[in-house]
Novice: 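The structure's right below; bear with me while I get my questions together.
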Amino acid sequence: MRIGVLAVQGAFVEHIAALEKLDVEALPVRLPVELTGLDGLVIPGGESTTISQLMLDYNLASGIGNLAERGLAIMGTCAGMILLAREPSDPKVRPLGLMDITVKRNAFGRQRDSFEAELAIPALGEKPFPGIFIRAPIIEQTNGSAEVLSRLDNGTIVAARQERLLAAAFHPELTNDLRFHKYFVDIINGSKS
Ligand code: GLN
């Protein structure tokens with residue numbers, strides 16, 4: 001299995017390391033040609049305005065959109081989640097428009113309002129998942145076939161799945177808990193349908 005990690009900006013190194021711990025071949029993607037032959041793609045956290053602009057500048061956005069329509073599995077974390085959404089949450093961001101979720105950028109406030117929370121994610125089992133939220137977005141609403149995977153105690157949606165698309169407001173790559181990445185690998189394998 002080969003999973004690409006969009007490597008134009010943000011926390012791509014940590015995603016590559018997490019996937020390698022699962023014995024997956026993980027490759028940085030900076031050029032459209034590097035999208036060829038992938039079974040999955042990760043869009044990392046970082047700065048969604050920057051990643052959005054660089055995806056257009058490097059001619060990656062349309063290629064990713066086409067592959068997603070043909071069934072490429074994509075996981076977006078934090079800024080990556082903002083980029084998966086159907087509608088822009090901010091006029092400065094041009095999302096890929098793939099997932100039926102409405103998101104809000106910087107929903108918890110400024111950088112100093114970053115926090116950690118033990119998350120209930122039933123799809124990963126009973127043990128809580130360590131959620132690291134860094135100037136994080138939220139999912140305001142899931143629509144269509146998008147389903148909620150996790151909520152904070154106050155009901156705020158922080159992870160969702162729509163078939164082969166997976167979105168998290170937090171940073172699973174910054175923990176030692178590999179279950180979220182494993183869940184993505186299982187989606188690609190078709191063992192989590
Ligand atoms: N605040 C960032 C944005 O809107 C997301 C932060 C992150 O990815 N950690 O793009």
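Order of listing sets the numbers, starting from 1, for every ligand and every atom in it.
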Novice: What do you reckon, does Thr77 have a nitrogen or oxygen under 3.5 Å from a nitrogen or oxygen of ligand 1?
Specialist: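 No.
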Novice: Does Ser114 reach the main-chain N or O of Arg135 with its side chain, forming a donor-acceptor pair under 3.5 Å?
Specialist: yes
Novice: Should Glu47 and Arg105 be marked as a salt bridge (charged side-chain N to carboxylate O under 4.0 Å, His left out) after you check the CA-CA gap, both sets of side-chain angles, and the distance that decides it?
Specialist: CA-CA 10 Å; Glu47 188 55 44; Arg105 280 189 75 204; 2.7 Å; yes
Novice: What distance separates Asn143 CG from Gln162 CD, expressed to the nearest 0.5 Å?
Specialist: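 That separation rounds to 9.0 Å.
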Novice: CZ/Phe129 to NZ/Lys127 distance, rounded to the nearest 0.5 angstrom?
Specialist: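 Taking CZ in Phe129 and NZ in Lys127, the distance rounds to 9.0 Å.
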Novice: Is the number of heavy atoms from other residues, nucleotides or ligands under 6.0 Å of Glu126 CD greater than 12?
Specialist: no
Novice: Taking 4.0 angstrom as the limit and counting only heavy atoms of Gly45, give me the atoms of ligand 1 inside it, by number and element.
Specialist: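 Once the distances to Gly45 are compared, the set is 8 (O).
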Novice: In terms of residue, atom name and distance, what is the protein heavy atom nearest to atom 2 (C) of ligand 1?
Specialist: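 Scanning the protein heavy atoms, the shortest distance from atom 2 (C) of ligand 1 goes to Gly46 O, 3.5 Å.
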Novice: For atom 1 (N) of ligand 1, what's the nearest protein heavy-atom neighbour? Residue, atom name and distance, please.
Specialist: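 For atom 1 (N) of ligand 1, the nearest protein heavy atom comes out as Asn106 OD1, 2.7 Å.
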Novice: Give a yes or no answer on whether the side chain of Asp113 reaches the backbone of Arg110 with a donor-acceptor pair at less than 3.5 Å.
Specialist: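 Answer holds: yes.
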Novice: Tell me whether Ala79 has any N or O atom under 3.5 angstrom from an N or O of ligand 1.
Specialist: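 Such a contact does occur with ligand 1.
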Novice: Within the 4.0 Å heavy-atom shell around Ile82, which atoms of ligand 1 are there?
Specialist: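 Those of ligand 1 that fall under 4.0 Å from Ile82 are 3 (C), 4 (O).
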Novice: What protein heavy atom sits nearest atom 4 (O) of ligand 1, and how far away is it?
Specialist: Arg105 NE, 2.6 Å
Novice: Rounded to the nearest 0.5 Å, how far apart are CD of Glu116 and CD1 of Ile134?
Specialist: 8.5 Å
Novice: Atoms of ligand 1 less than 4.0 Å from Ile134 heavy atoms?
Specialist: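 With Ile134 as reference, the close atoms of ligand 1 come out as 6 (C), 7 (C), 9 (N).
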Novice: Under 3.5 Å between some N or O of ligand 1 and some N or O of Ser48?
Specialist: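 Checking ligand 1 against Ser48, an N or O pair does fall under 3.5 Å apart.
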Novice: Nearest to atom 7 (C) of ligand 1, what protein heavy atom do you find, and at what distance?
Specialist: Cys78 SG, 2.7 Å
